[in-house]
Q: 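Here you go, one structure.
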Number of protein chains: 2
Amino acid sequence: MFKKVLISDDLGSINQGVLSVVNKLNIKETQQVQYCDDAYLKIKKAILDDAPFDLLITDLSFVKDHREQKYSSGEALIIALNKEFPKLKVIAYSVEDRLQKVRLLINLHNTNAYVCKGRNGLLELEKAIQTVYKNKIFLSPQVAQALNPKTNLEINDFDITLITLLSKGFSQDDISIYLKNKNITPSSLSSIEKHLNKLRIQFKANNAIHLVAIVKDLGLI
Amino acid sequence: MFKKVLISDDLGSINQGVLSVVNKLNIKETQQVQYCDDAYLKIKKAILDDAPFDLLITDLSFVKDHREQKYSSGEALIIALNKEFPKLKVIAYSVEDRLQKVRLLINLHNTNAYVCKGRNGLLELEKAIQTVYKNKIFLSPQVAQALNPKTNLEINDFDITLITLLSKGFSQDDISIYLKNKNITPSSLSSIEKHLNKLRIQFKANNAIHLVAIVKDLGLI
DNA sequence: CAAAACCTTACGGAAATCCGTAAGGTTTTA
DNA sequence: TAAAACCTTACGGATTTCCGTAAGGTTTTG
């Protein structure tokens with residue numbers, strides 16, 4: 001079994017629960033942090049000390065507070081860690097169940113498991129740890145279909161960008177200018193209209209307001 | 001100190017954390033549930049058995065699953081309990097920090113404490129239990145201002161109706177027709193525009209989309 | 001009671017969104 | 001490689017939102 005595990009989650013109560021699972025699994029050394037930056041530093045330090053962590057269990061969303069953070073989310077942390085320390089095993093433990101996000105983490109950033117917090121979260125986490133230890137990938141049942149290539153993945157990043165900008169009060173004209181400035185294509189007003197129209201149909205929304213409301217309810221933005 | 005406590009939260013990991021706090025406080029009997037209906041039944045049963053609970057610590061949002069529930073949220077549970085068993089002390093333990101909601105629970109439904117899940121959630125929960133035991137109300141610092149009467153968080157029901165209808169895809173014209181049908185005044189398109197304009201200013205929103213997004217984020221709709 | 005303040009409603013013009021059509025470019029596919 | 005499929009962009013018109021002004025009614029206030 002793993003020898004040295006780091007738990008990263010801003011909610012103390014979650015940390016407690018995860019800890020109880022880890023303890024049950026006969027893991028010798030466990031440490032906890034509540035900030036992504038602390039996780040990064042601890043992992044780096046441990047390698048320098050020649051006593052690296054085997055496994056990181058991390059939340060994805062961290063509430064911002066007064067402490068300025070280099071890594072403000074679990075994703076940012078995972079991406080950085082995967083580049084620098086590809087050998088470290090990582091389990092994401094999150095309330096989110098967006099297939100898009102799961103797919104991104106597993107396929108692009110070599111995350112080893114994605115466990116959804118929920119009624120059976122701790123049970124699944126236990127399974128995840130055991131599965132990852134055997135060098136296999138674990139997904140919670142709710143997101144298991146994420147890796148199925150025929151699962152039509154909702155909407156892409158561009159769409160998310162569009163709706164996010166809308167929700168921030170940008171007019172479609174503003175969005176066009178914004179995208180042009182960033183050299184992102186498509187950026188024409190016409191294309192933006194087309195994409196939003198497609199999204200309205202897809203989400204059965206009457207208008208842009210409705211679309212933003214629906215997508216917000218789904219937690220996609 | 002309290003003698004018999006019930007913890008209600010759908011996330012197992014949270015339950016664990018809360019449990020550790022309760023145990024620290026020298027409370028003799030603790031029980032846990034993951035569904036609001038179970039909480040209600042356990043509390044009712046305990047009273048019939050002449051061994052009632054002193055305190056309920058409950059989450060507010062419960063993820064729906066296959067099990068059909070009479071009480072689908074912590075609020076619904078609290079409201080029902082307060083009517084039937086007004087003596088039971090209740091602590092809400094939630095990630096939400098909407099002042100509106102806090103005010104509602106404390107003032108209307110006699111909730112005794114509102115603790116925000118967060119980095120210091122368990123610490124605050126401990127304080128909350130002790131404070132409630134002394135028959136005082138406890139609020140997490142982030143929501144402490146909720147009860148301050150000069151905190152103006154009010155937009156009225158009509159405003160909420162307008163924004164809610166917007167978020168459901170109604171055009172302003174649709175809203176006008178809808179209100180006329182329901183004999184609600186004002187109902188003219190012009191008045192609706194005026195009210196929404198006022199709200200846009202109040203919430204510093206650029207347009208209706210932005211307004212709906214902001215108000216959704218605030219949890220007002 | 002009368003003035004002031006407020007609210008609802010109407011109207012008109014500018015701006016933005018919605019929606020279809022069409023041209024030209026790129027990628028996919030047979 | 002040529003046809004098909006797809007994508008971006010442009011444009012025009014209908015509809016809706018945004019915003020100011022103004023008239024008439026109700027409530028508040030001195």
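Residue numbers start from 1 in every chain, and the chains themselves are labelled A, B, ... in the order their sequence lines are given, proteins ahead of strands. Just so we're clear, the structure is a prediction, and the values are computed from it rather than from any experiment. Because only heavy atoms are used, hydrogens play no part in the values below, and waters and symmetry mates are left out as well, while side chains stay in.
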Q: May I have the distance from B/Leu162 (atom CG) to D/dT17 (atom C1'), rounded to whole angstrom?
A: 14 Å

Q: Sequence neighbours excluded, which residues qualify as ring-ring contact (aromatic ring centres under 6.0 Å, His included) partners of B/His210?
A: none

Q: Is the number of heavy atoms from other residues, nucleotides or ligands under 6.0 Å of A/Lys198 NZ greater than 12?
A: yes

Q: Going by salt bridge (Lys or Arg N to Asp or Glu O under 4.0 Å), name the pairs with one or both residues in residues 178-197 of chain B, residues two or more places apart or in two chains.
A: none

Q: Could you go through nucleotides 13-17 of chain C and list every protein N or O atom that sits under 3.5 Å from one of its N or O atoms, giving the distance for each pair?
A:
{"from": "C/dT17", "atom 1": "OP1", "to": "A/Gln172", "atom 2": "N", "distance (Å)": "3.3"}
{"from": "C/dT17", "atom 1": "OP2", "to": "A/Gln172", "atom 2": "N", "distance (Å)": "3.2"}

Q: Roughly how many Å is it from CG in B/Asn197 to C1' in C/dT9, rounded to a whole number?
A: 16 Å

Q: Please report, rounded to the nearest Å, how far the C1' atom of D/dC19 is from the CD1 atom of B/Ile192.
A: 16 Å

Q: Can you tell me if A/His195 touches the phosphate of D/dC7, counting only side-chain N or O atoms and a distance under 4.0 Å to OP1 or OP2?
A: no

Q: Does D/dT8 have a Watson-Crick or wobble mate here (both distances under 3.5 Å), and if so which one?
A: C/dA23

Q: Nearest whole Å is fine: how far is C/dC18 P from A/Ile201 CD1?
A: 12 Å

Q: Produce the list of close N/O pairs, under 3.5 Å, pairing protein atoms with atoms of nucleotides 21-28 of chain C; give distances to one decimal.
A:
{"from": "C/dT21", "atom 1": "O4", "to": "A/Lys194", "atom 2": "NZ", "distance (Å)": "3.0"}

Q: Rounded to whole angstroms, how far apart are CG on A/Leu211 and P on C/dC19?
A: 12 Å

Q: Looking at B/Ser191, does any N or O in its side chain come under 4.0 Å of the phosphate oxygens OP1/OP2 on C/dT9?
A: yes

Q: Would you say the side-chain atoms of A/Thr164 pair up with the backbone N or O of A/Ile160, donor to acceptor, closer than 3.5 Å?
A: yes

Q: Check each residue of residues 174-185 of chain B for a non-hydrogen atom within less than 4.0 Å of any atom in DNA chain C, then write out the ones that pass by number, or none.
A: none

Q: Using whole Å, report how far NZ of B/Lys198 lies from C1' of D/dC19.
A: 17 Å

Q: For A/Asp10, give me all partners under side-chain hydrogen bond (donor to acceptor under 3.5 Å, both in side chains), at least two apart in sequence or on another chain.
A: none

Q: Go through the structure and list residues passing ring-ring contact (aromatic ring centres under 6.0 Å, His included) with A/Tyr40, not counting sequence neighbours.
A: A/Tyr71

Q: Can you measure B/Leu165 atom CG to D/dT17 atom P for me and round it to whole angstrom units?
A: 12 Å

Q: Output every pair passing side chain to side chain donor-acceptor pair (under 3.5 Å) with a member in residues 115-131 of chain B, not counting sequence neighbours, ordered by first then second residue.
A: A/Asp65-B/Arg119, B/Asp9-B/Lys117, B/Lys24-B/Glu126, B/Asp59-B/Lys117, B/Glu124-B/Ser140

Q: Taking only residues two or more places apart in sequence or in another chain, which ones pass ring-ring contact (aromatic ring centres under 6.0 Å, His included) with B/Phe85?
A: none

Q: Tell me the salt bridge (Lys or Arg N to Asp or Glu O under 4.0 Å) pairs involving residues 76-95 of chain A, sequence neighbours left out?
A: A/Lys44-A/Glu84

Q: Restricting to ring-ring contact (aromatic ring centres under 6.0 Å, His included), what partner residues turn up for A/Phe2, sequence neighbours left out?
A: A/Tyr133

Q: Would you mind listing every ring-ring contact (aromatic ring centres under 6.0 Å, His included) that reaches into residues 176-197 of chain A, with sequence neighbours excluded?
A: A/Phe158-A/His195, A/Phe170-A/Tyr178

